[in-house]
Amino acid sequence: MFAVKRMKKWWKDRIAYQIYPRSFQDSNGDGIGDIPGIVSRLDELSDLGGGIIWLSPVYNSPDADNGYDISDYCSIDPKFGTIADMDRLFAEAEKRDIKIIMDLVINHTSDEHEWFKQSRDPKSSYRDYYIWRTPKIAPDGKKLPPNNWTGFFMGDVWEYDEKSGEYYLHLFDKKQPDLNYKNPKVIEEVKNVLRFWLDKGAAGFRCDVINIIYKTSLEDGKKGPVRGIEHYKSSEGNHEILRELRRDVLDGYDCFTVGETVLVDLEEAKLLCDESRRELDMLFYFEHLEIDRRIARFIPKKFRASKLLDVITKWQQGLEWNALYLENHDQPRIVSHFGAAEKNRPSGDGTGWYWERSAKMLSLFELSLRGTPFIYQGQEIGMTNFDFKSMDEVDDVESHGLNRLMKKMKIPGFLRWKWIRASSRDNARTPMQWDDGENAGFSRGNPWLGINGNYRYINYASQKNDPASVLNFYRAMIALRQKSECLKYGDFRPLYADNRLMFYQRVITKGAPDDEICTVGLNFSSQELKLPGEIAGLLSGPVLISSTGRTATEGKLLPWEGVLSGNLKLTS
Ligand code: NOJ
């Protein structure tokens, strides 16, 4: 299949770590994480084995969507520091051989961006930077939005501007107007932004909602959860823009791009990531995190490991190279989602709590797949969903939009709260739990978002020197992967899965004696389970690493156990 055939790239060999700056480390006591704070934690990152940082937005922003509404692309918001701080971050990261990729949010700007402020004037040369349209007029003379599209934050997508008598399009919040990619000037502006950060030392970009930037038409949309999406998702115009950015800017630098792609299917993804088309290097899809959710991630349904294996197999085998992730700043914590965060009780056999074991098992899962792994801050210590008590503690613009929509639909309060608690993006945004001291070592001031009450026992400091901790499991798993050609580049081969168990292999077939094969077994349940007959043989050899510390499977997997066994050839 694919293995080792393609060119090796530095970004295929490294582990990436996502930093959500406002929640990572505060250095000046204002309750908001900042760039000097990140600099002070680079050693922790090195120690983990991280070789790439994806930095969520640090640019000037009024924070309607926590920085994903940018008012100046070539600036650093004072709450995060200064351009000089950012230069220091690049330099300090380089000393530790860590590359930094910036977040590129170009579907929309903030409505407080200079371009949009100018654009409000119909005569301005910036008018065409955004998508302005005259209203439709109802028979009774009432002004109506130009089309029937629905947005990603559960609200309207058109905002009426009294002064000019027109509406502007915003697929997200009304403070995030969409840019008009039919205007070549907009593309030139974006190229300058790319050059600015690449010249400063950025090693590439994580590209926000990058497959929906080009709107082919503004016709009414068909019925569906995101009405109108057929007029812009993965459109030909979108592909062309990506190629143009690559040709005119990115190709001049040793950098890579990873696209966040909305509702992408495999066929679209293949085009976006095909090496010869020169669009994206890899992409984030969402399907694996939605196997136990309805309507994106909002309403839970039963988890089945077999479904997860089907989805993972499809993407592992369908794309030459994957961006691997289980968490980011928009998703619930993985140990609260696929793991056993709520089962904080000893497992009874002295090998760890279910919370801890499942966090390790999920680490083994992510880090034994083919692709570039992205670890989200706090994932490496098994941070769990926020224990918020009411809507007042929720900051996320999306959760508030969802709550308003569900209220309109007359969904009872207890259900609304249950779904928001499980799905809110704030679950991943609570401050990093560094130690068991004041504000979990995150800030001397009042943190911008509540700290999870479990910081006294889930924190970095307590795990650092504990050989059996989740953190040290991540370190060990990363170290193992970094020494193994097979774990990084081997082909993926599914073996077997049912509701609770999943098995697969990673394989290199260069011809004996260089062949390598390793088998992974994962138990997504609190039950001890017998290995299916055909698997028991494959897992009968010595276990190289397991989430329980066991070195042999003896025909079974313990609750929440993950094991990896095989004949890996490790480099020193
Ligand atoms: C995806 C980002 O990850 C999310 O946080 C943001 O709200 C939307 N794009 C809009 O920029």
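As the structure is a computational prediction, the values presented were derived from the model and not from experiment. As the structure lists them, so they are numbered: ligands from 1, and atoms in each ligand from 1.
Atoms of ligand 1 lying under 4.0 Å from at least one heavy atom of F153, given by number and element, are 7 (O). Against a heavy-atom cut-off of under 4.0 Å, R425 is close to the following atoms of ligand 1: 4 (C), 5 (O), 6 (C), 7 (O). Residue D65 approaches ligand 1 through these ligand atoms, each under 4.0 Å from one of its heavy atoms: 6 (C), 7 (O), 8 (C), 10 (C), 11 (O). The distance from ligand 1 to the heavy atoms of V209 drops below 4.0 Å at these ligand atoms: 9 (N). Ligand 1 places these atoms under 4.0 Å from at least one heavy atom of R429: 5 (O). Distances below 4.0 Å separate heavy atoms of E260 from the following atoms of ligand 1: 1 (C), 3 (O), 9 (N). Close contacts of ligand 1 with H108, meaning ligand atoms under 4.0 Å from a residue heavy atom, involve 10 (C), 11 (O). Short contacts between ligand 1 and D330, defined as distances under 4.0 Å to a heavy atom of the residue, involve ligand atoms 1 (C), 2 (C), 3 (O), 4 (C), 5 (O).
At least one test fails for K307 against the ring of F303: distance under 6.0 Å to the centre or angle within 45° of the axis. In this structure, K12 is positioned above the aromatic face of W321, its NZ or CZ under 6.0 Å from the six-membered ring centre and within 45° of the axis. Relative to the six-membered ring of W132, R120 misses at least one condition, a distance below 6.0 Å or an angle of at most 45° to the axis.
Under a 3.5 Å cut-off, the side chain of E398 and the backbone N or O of F153 do not form any donor-acceptor pair.
A distance of 6.0 Å or more separates the ring centres of W197 and Y253.
The nearest protein atom to atom 9 (N) of ligand 1, hydrogens excluded, is given as D208 OD1, 2.9 Å; this is a heavy-atom distance.
Between D103 and S56, the closest heavy-atom pair is OD2-CA, 3.5 Å.
Taking the six-membered ring where tryptophan is involved, the planes of H288 and Y325 are perpendicular, since the angle between them exceeds 60° and thus also 30°.
Side-chain atoms of W158 and N147 form a donor-acceptor pair, as typed in the model, at a separation below 3.5 Å.
At a 4.0 Å heavy-atom cut-off, ligand 1 does not touch E398 at all. At a 4.0 Å heavy-atom cut-off, ligand 1 touches R206 through the side chain alone.
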